[in-house]
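Down below is the structure, laid out as structure tokens.
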Amino acid sequence: QVQVVESGGGLVQAGGSLRLSCAASGVTFGLSTVGWYRQAPGKQRERVATISPHYNTNYADSVKGRFAISRDNAKNTGYLEMNSLKPEDTAVYSCSVANRYWGQGTQVTVSS
């Protein structure tokens, strides 16, 4: 069956950086769009960034210039590099593969 596992979250000070990973199995990863989403307490889930099988990327306005999404098809893994983190980036970050399969999420907390 399909498994999607996120990792790399944690606690970081404002201005710091984190890199999230999204490892997938049981799916044709190279043909799948990978997306990162986040949900803060009391807020709706927000699309953060996506990368298509052809490496086309899209970002939410709130993270443009600070976050970078990438993928390594040989490793069936997607990444989200997050720089210049702000307290408002605090949320549970989840990965989707093929717009269908989701991981459990990883907590990112940015302290001021």
Side-chain angles (χ1 to χ4, degrees):
Q1 71 271 26
V2 178
Q3 282 193 320
V4 177
V5 180
E6 302 96 338
S7 61
L11 173 63
V12 64
Q13 287 189 330
S17 299
L18 284 174
R19 188 173 86 151
L20 305 183
S21 298
C22 168
S25 60
V27 63
T28 309
F29 186 82
L31 299 180
S32 302
T33 291
V34 177
W36 285 98
Y37 295 76
R38 67 186 181 186
Q39 188 166 20
K43 294 188 176 181
Q44 288 191 332
R45 187 171 63 192
E46 172 190 21
R47 180 182 60 83
V48 176
T50 59
I51 183 167
S52 75
H54 300 290
Y55 296 87
N56 295 317
T57 59
N58 278 289
Y59 296 92
D61 288 343
S62 58
V63 306
K64 280 181 181 176
R66 300 189 297 122
F67 290 12
I69 190 170
S70 61
R71 62 190 299 155
D72 184 338
N73 291 340
K75 295 182 178 179
N76 282 6
T77 301
Y79 303 96
L80 185 68
E81 184 76 34
M82 306 186 295
N83 300 309
S84 301
L85 283 161
K86 304 175 181 180
E88 51 263 44
D89 294 318
T90 295
V92 175
Y93 285 70
S94 299
C95 172
S96 76
V97 177
N99 296 313
R100 179 178 177 183
Y101 306 106
W102 292 83
Q104 297 278 39
T106 185
Q107 176 71 45
V108 171
T109 303
V110 184
S111 64
S112 57

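Values reported hereafter were calculated over all heavy atoms of this structure, with side chains retained and with hydrogens, waters and symmetry mates removed.
- A donor-acceptor pair is defined here as one N or O able to donate and one able to accept, closer than 3.5 Å; such a pair exists between the side chain of Ser52 and the backbone of Asn56.
- Of all the heavy atoms in Ser17 and Ser84, the pair that sits closest is OG-N, 4.4 Å.
- The salt bridge (charged side-chain N to carboxylate O under 4.0 Å, His left out) pairs that include a residue from residues 54-74 are Asp61-Lys64, Arg66-Asp89, where partners are two or more places apart or lie in different chains.
- Residue pairs meeting the salt bridge (charged side-chain N to carboxylate O under 4.0 Å, His left out) criterion with at least one partner in residues 2-17, sequence neighbours excluded, do not occur; the list is empty.
- Sorted by first and then second residue, the disulfide (SG to SG under 2.5 Å) pairs with a member in residues 48-94 form an empty list; sequence neighbours excluded.
- Considering OG1 of Thr50 and CD1 of Ile69, their distance stands at 6.0 Å, rounded to 0.5 Å.
- For the residue pair Lys75 and Thr77, the shortest heavy atom distance occurs at O-OG1, 2.8 Å.
- For residues 56-112, the set of pairs meeting the disulfide (SG to SG under 2.5 Å) definition, not counting sequence neighbours, comprises Cys22-Cys95.
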Worksheet item: Run the side chain to side chain contact (heavy atoms under 4.5 Å, CB included) check on Asn58 and Arg47 step by step: do they pass?
Response: CA-CA 10 Å; Asn58 278 289; Arg47 180 182 60 83; 3.8 Å; yes
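- Taking the side chain as every heavy atom from C-beta outward, Met82 and Leu20 approach each other to under 4.5 Å.
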Using a 3.5 Å cut-off and no angle test, enumerate the donor-acceptor pairs between side-chain atoms of residues 26-36 and protein atoms at least two apart in sequence or in another chain.
unit_1: Ser32; atom_1: OG; unit_2: Thr28; atom_2: O; d: 2.8
unit_1: Trp36; atom_1: NE1; unit_2: Tyr79; atom_2: O; d: 3.4

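- A search for side-chain contact (heavy atoms from CB on, under 4.5 Å) contacts involving Gln39 returns Arg45, not counting sequence neighbours.
- Within the structure, ring pair (Phe, Tyr, Trp, His ring centres under 6.0 Å) pairs that include any residue of residues 46-70 do not occur (at least two apart or interchain).
- Looking at every heavy atom in both residues, Gly105 comes nearest to Val92 through CA-CG1, 4.0 Å.
- Looking at residues two or more places apart in sequence or on another chain, you find no side-chain hydrogen bond (donor to acceptor under 3.5 Å, both in side chains) involving Ser25.
- Within 6.0 Å of atom CZ in Arg100, 12 or fewer heavy atoms from other residues, nucleotides or ligands are found, so the atom counts as exposed in its surroundings.
- Applying the side-chain contact (heavy atoms from CB on, under 4.5 Å) test to Thr109 and every residue at least two apart in sequence or in another chain returns Leu11, Thr90, Gln107.
- With sequence neighbours left out, Ser62 forms a side-chain hydrogen bond (donor to acceptor under 3.5 Å, both in side chains) with Arg38, Glu46.
- Lys43 pairs by the salt bridge (Lys or Arg N to Asp or Glu O under 4.0 Å) definition with nothing, not counting sequence neighbours.
- Evaluation of the ring pair (Phe, Tyr, Trp, His ring centres under 6.0 Å) test over residues 83-112, restricted to residues two or more places apart or in two chains, returns Tyr37-Trp102.
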